[in-house]
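Okay, so here's the structure we're looking at.
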Number of protein chains: 2
Amino acid sequence: MSADPISRRDVSDATVARLPEYLRTLSRLAERGVSCVSSAELASAVGVRSAQLRKDLSRLGSYGVRGVGYEVETLAVEISRVLGLTRDWPVAVVGMGNLGHALASYPGFATKGFRVVALFDDDPGLVGEQVGGVVIRPFAELPARVRSDRIAIGVIATPAAAAQAVGEALAAAGVRSILNFAPASIAVPAAVDVRRVDLSTELQILAFHAQRRTYAAPLSGAVAR
Amino acid sequence: MSADPISRRDVSDATVARLPEYLRTLSRLAERGVSCVSSAELASAVGVRSAQLRKDLSRLGSYGVRGVGYEVETLAVEISRVLGLTRDWPVAVVGMGNLGHALASYPGFATKGFRVVALFDDDPGLVGEQVGGVVIRPFAELPARVRSDRIAIGVIATPAAAAQAVGEALAAAGVRSILNFAPASIAVPAAVDVRRVDLSTELQILAFHAQRRTYAAPLSGAVAR
DNA sequence: AGACGTTTGTGAAGCGATGCACAAAGTGGC
DNA sequence: GCCACTTTGTGCATCGCTTCACAAACGTCT
């Protein structure tokens with residue numbers, strides 16, 4: 001009864017998106033031997049306002065001490081608990097091209113409870129190969145592996161054309177969380193949570209700002225086409 | 001004077017983030033031979049409300065025809081222009097491990113005016129290797145290459161420990177736009193625009209929602225550890 | 001040419017997130 | 001034990017984005 005898990009329900013998406021950043025900064029502080037930190041210090045290390053940090057953390061409960069600050073270790077554990085990192089998350093990667101290889105051996109995937117336990121591709125030249133100690137298997141084995149390995153998260157790293165079919169197969173197999181790296185949006189049942197990471201989109205946003213800078217700078221120069 | 005480039009100034013970040021999605025959907029429609037589309041059709045294809053789509057597009061100017069809709073080709077060209085995709089964007093990738101290799105040969109990088117023209121790594125085992133027709137060079141050559149190739153965008157694909165140094169080197173060399181894939185935030189001068197893509201953060205957000213689902217489902221089951 | 005149906009562009013309302021400012025709560029010194 | 005100082009937690013104002021709703025504009029049909 002001391003820590004009420006139900007109270008996590010009203011944590012907004014904006015707050016959740018910042019929690020991983022807080023957690024990484026706290027880990028860095030812990031490595032440096034810091035055991036206690038104020039909201040002002042932590043906020044400036046992360047790059048947010050201190051008021052926002054305190055408001056975010058207050059959603060998780062009262063883990064700070066007035067006049068002192070937050071205990072680094074305690075706060076890190078609490079954020080981990082809220083994010084669900086204290087349990088095990090078996091992950092499957094579908095599509096073992098360059099990107100799939102990179103994701104399967106990405107250090108960030110191995111930590112925090114995420115375990116890449118299954119790799120899939122239909123290219124006969126790739127099936128059987130080992131990446132990070134896991135064997136690449138044909139895509140048809142997906143449903144069986146999802147059941148046997150209790151796979152909770154699917155990562156799509158296929159070309160755009162295959163993304164929709166893979167997403168449907170993952171959803172049909174019971175995977176409710178999908179991280180989609182393919183340059184295409186996919187339609188899935190409402191019960192499935194999809195997050196898309198598109199490298200091309202990020203570049204285009206950068207290009208927009210870069211272009212705006214070059215237009216803004218030379219006030220006297222001829223701008224027209 | 002017909003198309004005023006200054007009017008692009010008041011396009012909000014939220015709108016800019018959606019423009020690439022609109023553009024990709026328009027390209028798909030054009031491939032299918034669709035030449036005209038209403039805001040309702042386009043919006044549902046993208047997955048946003050039609051009012052939002054219209055408001056976004058109205059920021060770029062009046063490119064729709066009342067009673068008819070938007071001409072696919074014209075709208076695509078205009079969005080491309082606003083995003084700055086009609087010019088050439090030389091890109092450098094720093095850190096040619098698994099992720100760097102994947103990014104350098106990513107199809108989405110090659111299209112839309114982005115050209116990977118330089119690859120850097122300090123591992124002697126990688127220097128000299130060709131990826132997509134571009135030779136990997138030692139990191140020390142970065143400043144010279146930025147000048148000679150007019151590199152505008154830098155992609156950081158190094159381990160976390162190297163990210164800060166690479167970011168500083170890019171900024172010092174004159175690169176004003178950085179896409180950071182390393183699992184670490186970097187501090188750069190205010191004139192430099194950094195976007196961070198963190199695979200671990202995305203997974204953690206997925207895990208949060210997945211955990212919330214499992215807590216919400218078994219109302220009668222004992223939750224307390 | 002005029003009336004009708006359709007779709008855009010946009011003012012206004014609604015809503016959620018951010019930032020401010022301060023009371024509440026704790027520590028340490030005397 | 002009381003006082004001064006520090007820092008959290010939070011009500012409240014503000015800001016920006018999203019959504020609604022409708023008038024203006026366009027094509028079409030007669």
Side-chain angles (χ1 to χ4, degrees), chain A residues 3-4 7-22 25-26 29 34-76 78-79 82 205 208-209, chain B residues 3-4 7-22 25-26 29 34-76 78-79 82 205 208-209:
Chain A
D4 182 8
S7 68
R8 295 171 193 170
R9 293 178 64 181
D10 56 355
V11 181
S12 76
D13 285 351
T15 294
V16 172
R18 283 186 293 267
L19 289 181
E21 197 75 26
Y22 299 161
T25 304
L26 285 169
L29 289 174
V34 180
S35 66
C36 187
V37 67
S38 74
S39 65
E41 291 165 345
L42 184 54
S44 86
V46 171
V48 299
R49 307 274 175 189
S50 65
Q52 177 156 90
L53 176 66
R54 287 199 301 275
K55 186 149 281 189
D56 282 341
L57 296 184
S58 74
R59 299 305 180 94
L60 320 183
S62 272
Y63 291 96
V65 179
R66 294 172 192 229
V68 178
Y70 299 88
E71 208 207 331
V72 172
E73 190 70 28
T74 308
L75 189 55
E78 187 52 28
I79 293 179
V82 171
I205 295 172
F208 171 81
H209 289 122
Chain B
D4 183 6
S7 67
R8 296 171 193 171
R9 292 180 65 181
D10 57 354
V11 181
S12 77
D13 285 350
T15 295
V16 172
R18 283 186 292 268
L19 290 181
E21 197 75 25
Y22 298 162
T25 304
L26 285 169
L29 289 175
V34 179
S35 66
C36 187
V37 68
S38 74
S39 67
E41 290 165 346
L42 183 53
S44 86
V46 171
V48 300
R49 307 272 175 190
S50 66
Q52 178 157 97
L53 176 67
R54 287 199 302 277
K55 184 146 279 190
D56 282 341
L57 296 183
S58 74
R59 299 305 180 93
L60 320 183
S62 270
Y63 292 94
V65 179
R66 293 171 192 232
V68 178
Y70 300 87
E71 208 208 329
V72 172
E73 190 71 28
T74 308
L75 189 54
E78 187 53 28
I79 294 179
V82 170
I205 295 172
F208 171 81
H209 289 122

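Every chain is numbered from 1 and lettered A, B, ... according to where its sequence line falls, protein lines coming before strand lines. All heavy atoms count here, side chains included; hydrogens, waters and symmetry mates do not.
Contacts of A:T74 classified as side chain to side chain donor-acceptor pair (under 3.5 Å), with partners at least two apart in sequence or in another chain: A:E71. With sequence neighbours excluded, no residue satisfies salt bridge (Lys or Arg N to Asp or Glu O under 4.0 Å) with B:E41. The side chain to side chain contact (heavy atoms under 4.5 Å, CB included) check on B:A14 picks up B:S12, B:R18, with sequence neighbours excluded. Under the rule for a side chain to side chain contact (heavy atoms under 4.5 Å, CB included), the partners of A:V65 that lie at least two apart in sequence or sit in another chain are A:V68. Applying the salt bridge (Lys or Arg N to Asp or Glu O under 4.0 Å) rule to B:R54 yields no partners; only residues at least two apart in sequence or on another chain are considered.
Put simply, B:Y70 has no side-chain N or O that comes within less than 4.0 Å of OP1 or OP2 on D:dC26. A:S39 has a side-chain polar atom (N or O) that falls below the 4.0 Å cut-off from OP1 or OP2 of D:dT8. Checking the phosphate oxygens (OP1, OP2) of C:dG9, a side-chain nitrogen or oxygen of B:S62 falls inside 4.0 Å.
Contact between A:L29 and A:L42 at its shortest, heavy atoms only, is CD1-CD1, 4.1 Å.
Between the P atom of D:dG16 and the CZ atom of B:R59 lies a distance of 12 Å, rounded to the nearest Å. Put simply, CG on A:D56 is 11 Å from P on C:dG19, counting in whole angstrom units. With rounding to whole Å, B:L75 atom CG is found 15 Å from C:dT7 atom C1'. The separation between A:R18 atom CZ and C:dG19 atom P is 9 Å, rounded to whole Å. With rounding to whole Å, B:E41 atom CD is found 13 Å from C:dT6 atom P. Note: CG (B:L53) to P (C:dT8) measures 8 Å, nearest angstrom. Rounding to whole angstrom units, CD of residue A:Q52 and P of C:dA17 are separated by 10 Å. In this structure, A:L60 atom CG and D:dT8 atom P are separated by 14 Å, rounded to whole Å.
Residues A:A14 and B:L57 both approach DNA chain C. Their nearest nucleotides, taken by heavy-atom distance, put B:L57 toward the 5′ side.
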Dump the intermediate steps for side chain to side chain contact (heavy atoms under 4.5 Å, CB included) on A:L75 and A:Y22, then the final yes or no. CA-CA 10 Å; A:L75 189 55; A:Y22 299 161; over 6 Å; no
Audit row: A:V82, A:L19, side chain to side chain contact (heavy atoms under 4.5 Å, CB included) steps and yes/no: CA-CA 9 Å; A:V82 171; A:L19 289 181; 4.2 Å; yes
Using a 4.0 Å heavy-atom cut-off to protein, can you give one letter per nucleotide of nucleotides 21-30 of chain C, 5' to 3': B if the base is in contact, S if only the sugar-phosphate is, - if neither? B--BBSS---
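Taking the side chain of A:R49 as heavy atoms from C-beta on, and the options C:dG19, C:dT7, C:dT10, the nearest nucleotide is C:dG19.
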Review item, nucleotides 11-13 of chain D N/O atoms under 3.5 Å of protein N/O:
{"unit_1": "D:dG11", "atom_1": "O6", "unit_2": "A:K55", "atom_2": "NZ", "d": "3.1"}
{"unit_1": "D:dC12", "atom_1": "N4", "unit_2": "A:K55", "atom_2": "NZ", "d": "3.4"}

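From A:Y70, atom OH reaches atom CG of A:L57 across 5.0 Å, with rounding to the nearest 0.5 Å.
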